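Each remark here refers to the structure printed beneath this line.
From a predicted model like this one, the values you see are computed outputs, not experimental measurements. Order of the sequence lines fixes the chain letters, A, B, ..., with proteins taken first and strands second; residue numbering starts at 1 for each chain.
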Number of protein chains: 2
Amino acid sequence: MDLGNVGILGNPVPKRSHGAVSHLALDIGGSLIKLVYFSRNSEYSMKDKEEKSSNESLLVSSGEKNYPLIEGSLHFAKFETSKINDCLEFIQRNQLHLSGCERLGDTASDKCIIKATGGGAYKFADLFKEKLGICLDKEDEMDCLVAGANFLLKAVHQEAFTYMDGQKEFVQIDHHDLYPYLLVNIGSGVSMIKVDGDGKFERVSGTNVGGGTFWGLGRLLTKCKNFDELLELSHQGNNRVIDMLVGDIYGGMDYTKIGLTSTTIASSFGKAISDNKELEDYKPEDISRSLLRMISNNIGQISYLNALRFGLKRIFFGGFFIRGHAYTMDTISVAVNFWSKGDAKALFLRHEGFLGALGAFVSYEKHGFNDSMVHQLVHQSPISSSHGGYKIHGSQNGELKDNESIECSVYAS
Amino acid sequence: MDLGNVGILGNPVPKRSHGAVSHLALDIGGSLIKLVYFSRNSEYSMKDKEEKSSNESLLVSSGEKNYPLIEGSLHFAKFETSKINDCLEFIQRNQLHLSGCERLGDTASDKCIIKATGGGAYKFADLFKEKLGICLDKEDEMDCLVAGANFLLKAVHQEAFTYMDGQKEFVQIDHHDLYPYLLVNIGSGVSMIKVDGDGKFERVSGTNVGGGTFWGLGRLLTKCKNFDELLELSHQGNNRVIDMLVGDIYGGMDYTKIGLTSTTIASSFGKAISDNKELEDYKPEDISRSLLRMISNNIGQISYLNALRFGLKRIFFGGFFIRGHAYTMDTISVAVNFWSKGDAKALFLRHEGFLGALGAFVSYEKHGFNDSMVHQLVHQSPISSSHGGYKIHGSQNGELKDNESIECSVYAS
């Protein structure tokens, strides 16, 4: 699966009628561009119609101003940053950007504005202007990550889960007991943010050994052309072929005095020192697995040490590095569990890769740049009881699939 | 320079007369075997003779039992663990091991004993027995690292130094204000030990991203055959060719809001994602430098976070990963300085690679397994005033050279 060519995690873009797609928001990172946009339902299924009333009651109970409720879905898409032209073409073809212009009734004006975050919002601002005639309205990356995480944790049921020994367990987050927490966003690099409330946070740490390192080093070592292929490889791999274990040093024994079993990794890639092998003699699967474990474990450890500094018991891991990948999550969980002696917990997010983009998306509401714009507040739509509070298209057993979206409602002023 | 063939950091072994070499101690790690042994001076230079009296006054003032003082030198040697036969041959040829046997007057007995630490003391015990007929008396690795560091910090003047922006600065350690400190030993893997006193310590953390990772990954990526060659390469390298910088993501701009300049590394090896290049298209120099920086920075960061946990202001870095290499030390120093906002300090040790072996060496004194053995206490010999307390053969401006040893004295019972 070539990431750049497929590029879409959301539904196929719905056939567009005036106003059907709105609120495109972008997160342009070092490796990936993430898109979030809202499409209004033009037709309701029978089931949707029947349940519409419960939606409206939500509006009343929320205590918000009585804006008309627009039902629809949040869609997600991603592209490689290096293939930004594919992204521009996708936006153009589906006229996703016009939502930002139509509101002003002036598609050619300077005021055709799209919310964007990530470094690419700066780097590619001119390109977006030139090719699509739109201004990127830059939102701070950390602001957006936190806003996106808070949105997901508050609005989406069964968003957060633990993963250990192959067992996924959804965690019900009490909104009144959400803060403080540590947010670890693993993109190309890694940001670690102590979150104390809505818009109240501090980036306390980070590491440059992140998803870009896995992908970059993995590409050099295995000749894999994309991230998913590299990740897929790791399934079949055995890191013990390349990693130096405690047992390799201690002649098969544990080093019990300091609690290290013989199978503990003493030195990632350490066996490559003494093996009389060239790179080509190692299986790409084993290399990928060793690399993934090294990086996941390292992130887990640094995250825990930062959680410890601030007495944070919950660490939420997001970012596109994870991709719901079992071994990655397992390694991070084990690292947090090991170093904290069971005291701290690693939690993962189903929409992990879209924190920044979602944060940019919800910032439309926060900043309202024109009276005529659609003010919005996205709520969970308690439509599908089987998912306990919101509807996931094409989702089975809680895993995010490629053709998935979040059904939700926005308030239009 | 092939590490395995040269293998010696100490003086050429002195021509052996009965009892001239004694107290061989070994540290057999995952990548390297480190040897420390004492050779008694058979001849004194005029200068030594003149200054002998000051040595003896040290004996008196030390308040120790009045054992005869034997003057001599500590020698250091290293071999790759994978070339352990070279090490066995070196010991055999120079009859270094006989010191442990002669004391018992029985070279063939089971009781021919040599102090050894590191996992290889377990793994290679049978090999040493079979080839040299000696028993390795196993000392705990962490015990030895701490004993070795404490010995160096107390007994050797100008042992510890800071390194920043190319400036080395020796730090005078007040013996009464030495504890607590964090000892970070960077071997194949990394151990982080909180040291509270002689024999009082706890291994509080570590990381499997260490010297073995640099060497192992570096070997796969550059085809370098040994560590020193790889390290040498990094001198000429430019990590910005491969690392993704903040400026690469932000279009040349800083991300000032969170204090990241445009030249901060956002993602190690992250540029390899989007460059349309194969491994062969990158210079080995650049790869080596990027790798070295990634690992050094990571160790510096994790070390600081652990120092912070326990309120430790001083972090001593040892282990053969460092090798007095300017860029490595600089990166570690910058990392500790950056993350601690100048609050914690990275310190380095001139005899960095021999902490474990020195610890095994001084353990002869601690355990005294036979009344007839040479009990010892190694002191600094205040012979050469130019080095302020101990004599370094062949040393210039405080740098440890290949033909260097520590002149010292032992007490013989």
Taking the side chain from [X] and the backbone from [Y], do they hold a donor-acceptor pair closer than 3.5 Å?
X      : Y      : result
A/R219 : B/K277 : yes
B/R309 : A/R309 : no
A/S267 : B/S188 : yes

Requested in this report: Could you tell me which portion of A/L217 (side chain, backbone, both or neither) has an atom closer than 4.5 angstrom to a non-hydrogen atom of chain B?
Outcome: both

Query - A/D275 portion near chain B, given a 4.5 angstrom heavy-atom threshold - result: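 For A/D275, the backbone is the part near chain B, not the side chain.
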
Toward chain A, the part of [X] with a non-hydrogen atom under 4.5 Å:
X      : result
B/M244 : side chain
B/K223 : side chain
B/I273 : both

Query raised in the report: Within a strict 4.5 Å, meaning less than it, do heavy atoms of the B/L221 and A/L279 side chains meet?
Result: no

Query raised in the report: Do A/Q301 and B/S205 have side chains that get closer than 4.5 Å, going by heavy atoms?
Result: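 Side chain of A/Q301 against side chain of B/S205, heavy atoms only: contact under 4.5 Å found.
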
Query raised in the report: Yes or no on salt bridge (Lys or Arg N to Asp or Glu O under 4.0 Å) for B/K257 and A/E202, after CA distance, side-chain angles and deciding distance?
Result: CA-CA 11 Å; B/K257 193 176 168 187; A/E202 186 190 355; over 6 Å; no

Requested in this report: Would you please say whether a donor-acceptor pair under 3.5 Å links the side chains of A/S268 and B/N208?
Outcome: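 A donor-acceptor contact under 3.5 Å links the two side chains.
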
